[in-house]
Structures are given as C-alpha cells and as structure tokens.
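Since the structure is predicted, the reported quantities are computational estimates derived from the model, not experimental observations. Atom set for the values below is all heavy atoms of this structure, side chains included, hydrogens, waters and symmetry mates excluded. We count residues from 1, following the sequence as given.
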Amino acid sequence: MVSAKRLLLFLWLLAATCQCLSLRHIPPHDPEATAADDGVSSLATNVDGPLDSTTGDDSASNADVLAENPPTAVPVNPDGISNPNFFPVSSESGSATSSSDSTALYIVRLHSALPLAAYRGAVASFSGWGDDDADDDTHGGTSVPAGLAATAEAVDEEATALGGRVPRRARLCADNPQVAAYAQMLESQQTQIASEVGVASTNVAYSYKYSTNGFAAVLTADQLRRVKRHPAVASVRASARKQLFTTDSPAFLGMNSAGSLWPANGGQAKAGEGMVIGIVDTGIWPEHPSFSDAGFSSSRPAGWSGKCETTKEFKCNNKLIGARAFYQGFKSANGMNLAGDWLSPRDANGHGTWCAGAAAGNRGVPMAGGKASGMAPAARLAMYKVFWMNKDGDTFADESDIIAAVNQAVADGVDVISLSLGGVNPMDTYFDDIAFLNANLAGVFVAFAAGNDGPPQGFRTLDNYAPFYLTVGASSIARGGLTLASSPKSSRAAAANETSVSALPSAGDSAPAVTDFSSTGPLVFPDIGTGNGLATDSILKPDIIGPGLDLFAAWPGKRVGDKGTDAQLSGTSMATPHLAGIAALIMQKYPSWSPAQVMSAIMTTATTKGVGGAAITAAFGKTATPWDMGAGHVFPPKVLDPGLTYDARKSAYLNFLAGLDMERTQQEYPNENLKSVPPRELNRPTISITSLKGTLTVTRTVTNVADSASTYSAKIQKPNGVEVTVKPSSFTVSPGKKVTFVVTFKVTKTSKSFQFGSLTWVDDKGHSVRSAIAVKPVQK
C-alpha cells in the first residue's frame, strides 16, 4: 500500500509539473463579472475585436496580425534590449523554425563582463578569450576600452544609513554617454559570441545589458553544445514558462494614521510623488480613471529615461509615463493568439491593470460603491507587458521576455519593480535570479509574489525565494480579520473608503489570516540544503504577508476608449503591488536607504497578532509560523520609524553566493574580494537554521536610523528545544552608527520539525525591532 506521505509527495510533484499549463491567479468573486473561469476579461472574446496596433484599422483581423507582420510591427525598444529583426530561422536550412527543427529558446548568461547595473569601474581593460578557431571552442578577442568609468556609482560599504548612500537615480541613466558606450561594448561581445557558435542575428531575441549580461536566442542542439562550452558563458538554460498569481486595503492598513506613510509624505495627494513603480505583467488599460494624469506635471522624475510604445490604440500620459511590450521569446516558444489581444502594452487580461491600480492608482476613484486609492497614488507608473495567450488559449509569460522587461525597467529608471508571477521549481538556483540582485545593487526595490499553491503539509510550495527581493504572501482582511474601526458602508462599499481609517481592529475582532492559497516554505523535499548555488532553508521565506483576498481595483473596459471598471480578485498577485507601493513610499521618505533597509523596515515592524493578542492563523486553522507569514503582516504606521535596520550591500550578497558556490560566483563577479559565508550569516532581519547540531552562532549587524541615540535590550522568545543567548544583550547606539551582535543557539531537545521563536530589540522610545527565528534542532 502506498503511504500517505509518498502519495502526498507524488501529488505535490505532479502539481509542480502541471501548474504552468493554466493561468494561476484566483478567479474574480464579483457576481456581476462576465470574465471566464480563469479570470480573463470578457474582452478576450469581444466580437468587435481590438484595434490593430500597427494600422489602427478597426476592421482588421487582429488574429492574423502576427502572421502577416513580423515582430518589427511592434514599436522597437529604443535601448537595444529587444531585437526588432528577431525572426527565428534554422542556420542549417535558412527556413523558419518549426517543431521538427529541434530548436528551442535559451537564455545565455555571460561572465565576460559585468552588466551595467553592477559595473563600478574596477576593470581598467578587458581581454577576450583568444584567437583560435571557433570550432575548437576558443574564440577571437574583444576588449573593454581602457579606463572605462563606472556605470553604477560605487557604494561605500561603511556609509551610514542616514545619508551615505547616493540615491539610485544619480547612479545609472541609460542616456548617459558612458552608459551607452559600455552598453555598446556588451552588445558587441554578445554579437561576437553568438556569431562564433553559429547563431544567426535573426535568432537572437534579446540583448541583456542592464541587470544581466547575456542574450536570449533560439538554438539548435549543436549550437547549444557550442554555447555550453564557450569560455565566456556563465550559464545556459531553456527559457521557462511563468504564470500569474492571481479597495478597503488603504484604510485597513492604516495608511492615513498619524505617523503613517501618507501623512509623512505630505498627505495622500503627494504620497509617491517623484517615484516610478514598474509593473511587469499583462499590460494596462490607460483610459481607466485610476491612471488619469489630471493634476500631474508634464515633467518627468529626475533620472527617468523610459519610453512609451505608442500605437494608434495605445497612448501614455503624465501618470503612465512608460509602457512597453515584450513577446519575442513567447512567440518563438509557443506561438501567439491575438484574437482578443493587442500587439501593444494594452491589457486584454485585466491582471496587470488591477496590480497597477493597487500599487499606484489615483486617489478618489469611484469603485465598488466607495472611492479607491492605490498605496502610492501620486507615483508615476511604467508597464512592461510580458504575458500573452498561446494558440491553446493559455496565458503565461516566457522567462526570456521577463528578463528583458527587468533589464529595461532598470535602464528606464524605475524605483520599484512589482512582479506578480512565478513558476514553482524548487531546483532553481539563486544564480538564476542574478538579474534581480543587480537590480538591487542599482538601488531598485523588487517585490515578488510568493505563489498561489497553498501549504501542503511538509512541502515547500513557495516561489521566488532569493534574498535580493521581498517575497509577499497573502492575507485576508475584514472577513475574519482586521476591520475598520468605523465604516459607513457595507463590506463591498467600504472597499476603498478613504475617510474613516484605523490601523487597529475593533474590539473583539480576530487577527488576519494567511489565505489558504498563499504558498509557504520551507523546502523539505528534495532536501538539497546548500551547495551548488541551490536554494537553502537558511533564507526564511516568505518575507511578509499583505492584503490579498477579495479586493477591488481597476479593470479594463470592453473596447478601446472605454474608461474601464473594477473587479474583485484574490491571490498573492494582489498582495504584491500593495507592498510595492508601500516600498515606494518608504523610498520617497528616505531616498538614501538601500533596498535591504526598506525590506528590513517592512519586516521588523510587522505584526503577528491582532487585538487582544489573537495570533495570525494559517490554513487548517493552525497558528501561522514564519514559514507561512514570514515576519508577519505589514503594518504601515510603523515602517517609517523602525529604529534599527538590517542592511546588506554588494559584498554581503556576493559572499552569500560564494558560500553556496565560490567558483560560480567568481565567474559571475570577477575581480571581487570574495569570502565564503554560510547562508545563515547574510545580514537579514530573520534567522533560519536548517539543521542545528549542538551549538551554533549567527552574527547580525544593525544600524540606528533614528535621529537620536537609543539603548536597546534583547527580548528573546526561545524556540522549543533550543537555548538562545545574545551578546551583547543590550547596547547604546548613536544615530547612523552600527552595532554587531552574536546569537548563540544550543540544542536542548531534538525535533524532526522546525521550531519557532523571535529576537526583539526594544528601547524606551517605542521601538520594537523583531526578527523571526526558525530552527530545526536535530542533534544535541
């Protein structure tokens, strides 16, 4: 007889294999909605059809646009990331590729030079890889111009959090001549390498230069062999499918409470001013009132260099200041179905429009009987459309298009990137997320959805678990959770009430709950632990939970020109743009903070309880653990005054990678003084120990970001079976100064499962800096 555990494992692996076949956000619950079961807008079956983005001909058959017009019909990305001439052909036959050509789309990453976001001028010159014949897998030389200056301004690792870090906009600008020169050098190298392995220029979909150095190309089996053996290639892998993870929330979160994010940034009308939030998703409906530019200046935020891919049916404005479409990878791998879509950034699905509205939709927009607002209503938006429908009607994105979009967003100058997407694959490596690390190093905050695959007992379902970005799970609100202290409307009408707000629940109400679809950690099977750059349980994920159940936000109209409507959705997709908007408001207030400090402020001020001490619950009614909710539920009234932050800069992240795979890290980041550091030592505001045997120490460093000195004392909640001590147990720290402490863990009772606790630094000024702890004590 098959054991329950083996059966569960089989079902989990089957789900992980099959889930990419369908759209994965939770369907709308609006009884008036006419969307299909998978949450796709009824626009997809609009008999009138969308406009042809090339001709604007209202009578054109959009289903035939792609067949009749090669990808050059889409406005060309002016920064050289998308190849306007991409039209895959077999280098052997010269004919268009088909399923019989044994070709596939691959992402090729190079270590011949650092991408723009990471290059800091350390290399005065660069020599190529020899002059031998390409068939022998040694290759002609190339070089970086001698003395090429940094394209990303150097960051002082010892700089204080109060002003030592140069704001990101001053460090990378795609229009800068030095940046352009380095970008051209990278593209020349990529072109040469592709040529050496026999890849035609028309088979190269994208040139990645900003957050990744590499390219995406259609390769034959022989070309793949050559690419893998090329000495300038760091990695090559097949481009994977990514799926979607599919308002009351401003009031529920206390955005307008005293000291919270809206008042601290000049009020709701100015919340997000000067910031740009990039959304990587299904596109956007520009006519929606949530994206009206009434009251927005025509001037652009300093450092913005993005573009709008304008067509006769799609235009940007002074709110929506950037929009692009990426589809070359998707088309090559899957074919496209444009019967209900546009070859433009316009949204035919609804998911992207919803997420953009939740992150930065305008304030005071009538919706669901009330008035809606995004988290950062004064922020500008940039949409990067990567999701499309294939010939079978499935909607998903190709990984190569996503990487291109992230590269473009960094080049354009966004402050925050929100990605409500992913694909469960527990064997991914952190090195696959290098693009997001380099975005982090460029000062860009990245928020990722945790996934919608729920909490199978004993198995990790979490997506997006690298430490370079914030991983967001979903919580319930109102229904069985926090409620407004005073609400003049019904639960539907109060969806975006902006006047009566409270950060606290009414007396007798319970705490919010982790939704039953929100994905969880840790990775227990396969038990890969550390090594070879693979994911490790020493990084506790998700990081945070936020509102993600039955929420209203913007939704597309039925035809071009319609103002659009609203829709009620659920998913970690919905929680993620909330956190992206909150991050933008923190960065608006503290432009010198690093992305790690922003994450720290969000996590250490999170709440784990409701009124009366009711604990946050998870699926099956159990008390939520850090593997369900991370640090807890985001609590905006506290995020701007965390007291202390846990910072991590370039050297910390690179040493973390070196601890997993030194050789690979040296290839990715040459000329760095690398140290092999255990993953648990990365300076994060949580602590996780996968397999505690006897006694182990963990080191952390905090920075005082308050405007006065404080004395902090440690408050410890010990995990079951583990003795925990901290040295020093108290300290006094001046503004901008750092303190390092050591936490010692000793097993007193073994367990086969993780045990949980916390370490909280408390001062006499109201600061409570909490770190969640997860430990598995396996041996005394």
request  = Let me see the working for K746 and V722 under side chain to side chain contact (heavy atoms under 4.5 Å, CB included), right down to the final yes or no.
outcome  = CA-CA 5 Å; K746 182 179 180 180; V722 181; 5.9 Å; no
message = Quick one, L437 with L657, criterion side chain to side chain contact (heavy atoms under 4.5 Å, CB included). Give me CA distance, side-chain angles, the key distance, then yes/no.
response = CA-CA 11 Å; L437 169 56; L657 291 176; 3.8 Å; yes
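The line from CD1 of I402 to OG of S239 is 8.0 Å long, rounded to the nearest 0.5 Å. Rounded to the nearest 0.5 Å, atoms CG (L540) and CE (M603) are 7.5 Å apart. With rounding to the nearest 0.5 angstrom, the OG1 atom of T645 is 12.5 Å from the CD1 atom of I602.
By the 4.5 Å heavy-atom criterion applied to side chains, V733 and Y712 are counted as neighbours. Between P547 and L253 there is a side-chain heavy-atom pair separated by less than 4.5 Å. The side-chain heavy atoms of S570 and D550, taken from C-beta on, include a pair separated by under 4.5 Å.
Legend: residues meeting ring pair (Phe, Tyr, Trp, His ring centres under 6.0 Å) with F448, ordered by chain and number and at least two apart, are F436, Y469.
D543 places a side-chain N or O within 3.5 Å of a backbone atom of T471 that can act as its donor or acceptor partner. A donor-acceptor distance shorter than 3.5 angstrom exists from the side chain of S771 to the backbone of P685, with no hydrogens or angles considered. A donor-acceptor pair is defined here as one N or O able to donate and one able to accept, closer than 3.5 Å; no such pair exists between the side chain of N438 and the backbone of A435. Listed for the S211 side chain is no donor-acceptor partner under 3.5 Å among the backbone atoms of A439.
Residues T701 and T740 have side chains that bring a donor and an acceptor to within less than 3.5 angstrom of each other.
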